[in-house]
4 protein chains.
Amino acid sequence: MPAKQRGRPRSPRAHEAILRAAAELVVAGGYERLTMEAIAARAGVGKQTVYRRWPSKSAVVAEAALSGHLVPAGREPADTGDVVTDLRDWLRAAAAWLAEPGGAAVIRALAAAASDRDTDSARLYEQFTGPFHAALVARLAAGVAEGRLRAGAELGAVADALVGALLYRALAHTAPMTADDADALVDVLLSGLDTGIPAD
Amino acid sequence: MPAKQRGRPRSPRAHEAILRAAAELVVAGGYERLTMEAIAARAGVGKQTVYRRWPSKSAVVAEAALSGHLVPAGREPADTGDVVTDLRDWLRAAAAWLAEPGGAAVIRALAAAASDRDTDSARLYEQFTGPFHAALVARLAAGVAEGRLRAGAELGAVADALVGALLYRALAHTAPMTADDADALVDVLLSGLDTGIPAD
Amino acid sequence: MPAKQRGRPRSPRAHEAILRAAAELVVAGGYERLTMEAIAARAGVGKQTVYRRWPSKSAVVAEAALSGHLVPAGREPADTGDVVTDLRDWLRAAAAWLAEPGGAAVIRALAAAASDRDTDSARLYEQFTGPFHAALVARLAAGVAEGRLRAGAELGAVADALVGALLYRALAHTAPMTADDADALVDVLLSGLDTGIPAD
Amino acid sequence: MPAKQRGRPRSPRAHEAILRAAAELVVAGGYERLTMEAIAARAGVGKQTVYRRWPSKSAVVAEAALSGHLVPAGREPADTGDVVTDLRDWLRAAAAWLAEPGGAAVIRALAAAASDRDTDSARLYEQFTGPFHAALVARLAAGVAEGRLRAGAELGAVADALVGALLYRALAHTAPMTADDADALVDVLLSGLDTGIPAD
DNA sequence: TGCTAACCGAGACGGTACGTCCTGTCTTCCC
DNA sequence: GGGAAGACAGGACGTACCGTCTCGGTTAGCA
């Protein structure tokens, strides 16, 4: 029995306004330049109203990310029946999003938020990258079922490689991943490197 | 002719003490909790002495990382002649280091430092992960030359996948990469997923 | 016709609890540390219930003082027929009360409350010190009628001097007024300073 | 040996600017409306620079008062040789100052500052009213020496009565003391009330 | 040997943001 | 309609750091 509700209920408007403000500010200025005061001010809300809901900047950002304010949800690979094409298309789309300034800002903000000591960064990554990872594994498994991909491979490792490479290129931002890079990565993962010739 | 050195030379003791202090503090408390004042205090140095050398916190951390205060330098893959074994060993060793608390702390600090708007994060990543990436590509190229790996694959993409997967698992830290995970990843990259059977 | 009472009548229990809480808190912590939230909490009452009755902290304190929660009411000088003794006794008693920690705390709280810009401090002082002042004047007038005190003196000025000296010693609290101080003050006011010898 | 001076010395300009700002703001808005942030802002100074010197609002106000920023120093009674006239003139002048809005504001601010739990209010009153009190006693003693005032009276009590009556009228501010009130008070103190006729 | 420049530790400076506390108002459910 | 509870916008609190500055005091090369 969850302690009967007493007093004025928390305003959903304020809740929403805070997350929206945080998302806008983090895209505009990056995580380091983001301040709780600015979030509250832009949301038209007292600071206490922010702190009543989240204990820290990183928690607000995490919630904004998880609730879809920072990134449009639903980026699972399609299933056209051709797993190779689906994989390629998904990776190209993801790379394109991360090549935009907004996408990169989100990823970098997430990495910074996750570095905060008091953030449940496992949960953050799990909820943010987890769906992609899981959807990738599912699509790959379907590809195996189709007979298009070989059985026995560790599909989780493949998803790690795909998500990890995207993340790495986005964070390092020497140069974001291009469509060609994406295709090359898919090619390697499909064809492998082994020539079958054993070492001497 | 670079303006002959005049006045008191900068103290190498102070230089070293600052980097050591920064490294210790970042491992102990994470990047977010790190402050320039604490670095200076722990190094027994005035703040100006820090700012005279580096313009920002992230620059100090970057230097600490690059100069081997945060991470033991020299982790290139060995060349035993067997590229598969070398790759596996390197990935296992890297995964093991990142599974330690210290290793994870360093990576997370680096990610946070790189998220600083005013950091040359490209340079940071390049200098930090670059050598590994380059060494991997070189070792892979040698493997191709040996005839052990097929020619024509985009080796940079392979290195991206390896480094990225490590990074992803370390940052997400749901569970750090195990030796088995490492082996599975190498296996996939070597053997590929493709059965050679085209889509319907 | 005074708008017939509608709805639930105001709780006298709450009223009383608020004043008692305010009195206790002001004695315990002084006026500056007193907060409306603490008053409401200690009274077991919602803040609105306080604000419904009084518009400000100083008003609550004023009411607490005036209603006898802060100071026992009824300290007028006695009338034994001997105005000198009565005056001395009254002043000694007042000085003794102000020498206690509680008494001093009340006076200091009152002074602070009266300093609030939006307090009707004239009313506060009038209601708090006014009765004493008036009773003193009355007792002095009776002394004049008795023939014990000379006519023609400005009795209000005498009362000002008595009340003012008490207040001053209490607020300054270098040392509260002693019985001897009280006697000396009465002595001066009765005997005067003038020798009757004019200035050169 | 007072610990050799190290680091940048504290700015006398800032010190002075803070006290001036505090004095202006307290006269303008009263003690309750005074904030540390406003003091710092008006002084063109960081808040820390205020807190580095004084621990609280009341301490700043106390210092401003004691250093003559709130009240022009030097209000001792003159010595024309005629103690009665001197006393009357002094009391009239003091009453006139307290009747002005500025004077009243200062006294009320002082009373409020002295009510702060953590203020050394004894020192505040002693240094603020003490000089007047002492000068009054001195002038009265000179009057005794002149033969104009009777010996044997407790001159401290007389000064208490004068200062106290002024303070009381200023704080209560039902009506500030007028010149006539001042004259009446001096008259009573000089002539006394006693008719010499004993009680029945 | 003395001059001058750049360094050194220390710590104050004007600022910004922090996270907490309180104000006076409001909104809910309950009597 | 009053009452207890508690959220609301607002704003001051006192603290912690930022990056800069100003002290007295080294420590070097150059005169």
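Any value given below was found using the heavy atoms of this structure, including those in side chains, with hydrogens, waters and symmetry copies removed. In the text below, chain A, chain B and the rest are named by the order of the sequence lines, each starting its count at 1.
Two residues, D:Ser56 and B:Arg33, neighbour DNA chain F, and the one matched to the more 5' nucleotide by heavy-atom proximity is D:Ser56. Between C:Leu34 and A:Leu34, it is A:Leu34 whose nearest contact on DNA chain E lies nearer the 5' terminus. Residues A:Ala43 and A:Glu37 both approach DNA chain F. Their nearest nucleotides, taken by heavy-atom distance, put A:Ala43 toward the 5′ side.
As rounded to whole Å, 15 Å separates atom P of E:dG9 from atom OH of B:Tyr51. Look at CZ on D:Arg42: it is 20 Å from C1' on E:dG15, rounded to the nearest Å. Going from atom NZ of C:Lys47 over to atom P of E:dG24 covers 9 Å, rounded to whole Å. The distance between atom CE of A:Met36 and atom C1' of E:dT16, rounded to the nearest whole Å, is 16 Å. D:Arg8 has its CZ atom 5 Å from the P atom of F:dT22, to the nearest Å. Rounded to whole Å, atom P of F:dC17 lies 11 Å from atom CG of B:Leu25. Spacing between atom CD of B:Glu32 and atom P of F:dC18 amounts to 12 Å, rounded to whole angstrom units. Rounded to whole Å, the distance from CD on D:Gln48 to P on E:dA12 is 10 Å.
When the nucleotides F:dC13, F:dA4, E:dC18 are ranked by their closest atom to the side chain of A:Thr35, E:dC18 comes out on top. Closest contact between the side chain of B:Arg10 and the listed nucleotides E:dT4, F:dC17, E:dC7 involves E:dC7.
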Before giving the answer on side chain to side chain contact (heavy atoms under 4.5 Å, CB included), spell out for D:Arg53 and D:His15 the whole-Å C-alpha distance, their side-chain angles and the decisive distance to 0.1 Å.
CA-CA 8 Å; D:Arg53 291 169 163 76; D:His15 195 97; 3.3 Å; yes
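Side-chain nitrogen and oxygen atoms of B:Thr49 include at least one within less than 4.0 Å of the OP1 or OP2 phosphate oxygen of E:dC8. For F:dG2, the OP1/OP2 oxygens have no side-chain nitrogen or oxygen of C:Ser11 closer than 4.0 Å. Listed pair C:Arg52 / F:dG3 meets the phosphate criterion, a side-chain N or O lying under 4.0 Å from OP1 or OP2.
Note on A:Arg53: only backbone sugar-phosphate atoms sit closer than 4.0 angstrom, heavy atoms only; bases stay farther off. C:Lys57 comes within 4.0 angstrom of no nucleic acid atom, judged by non-hydrogen atoms across all strands.
Listed here is the closest heavy atom pair of B:Glu37 and B:Lys47: OE2-NZ, 2.8 Å. The two atoms that bring A:Leu19 and A:Val60 nearest to each other are CD2-O, 4.0 Å, heavy atoms only.
When atom types are taken as modelled, the side chain of C:Arg108 and the backbone of D:Ala114 share a donor-acceptor pair closer than 3.5 angstrom.
The shortest side-chain heavy-atom distance between A:Ile18 and A:Trp54 falls under the 4.5 Å cut-off.
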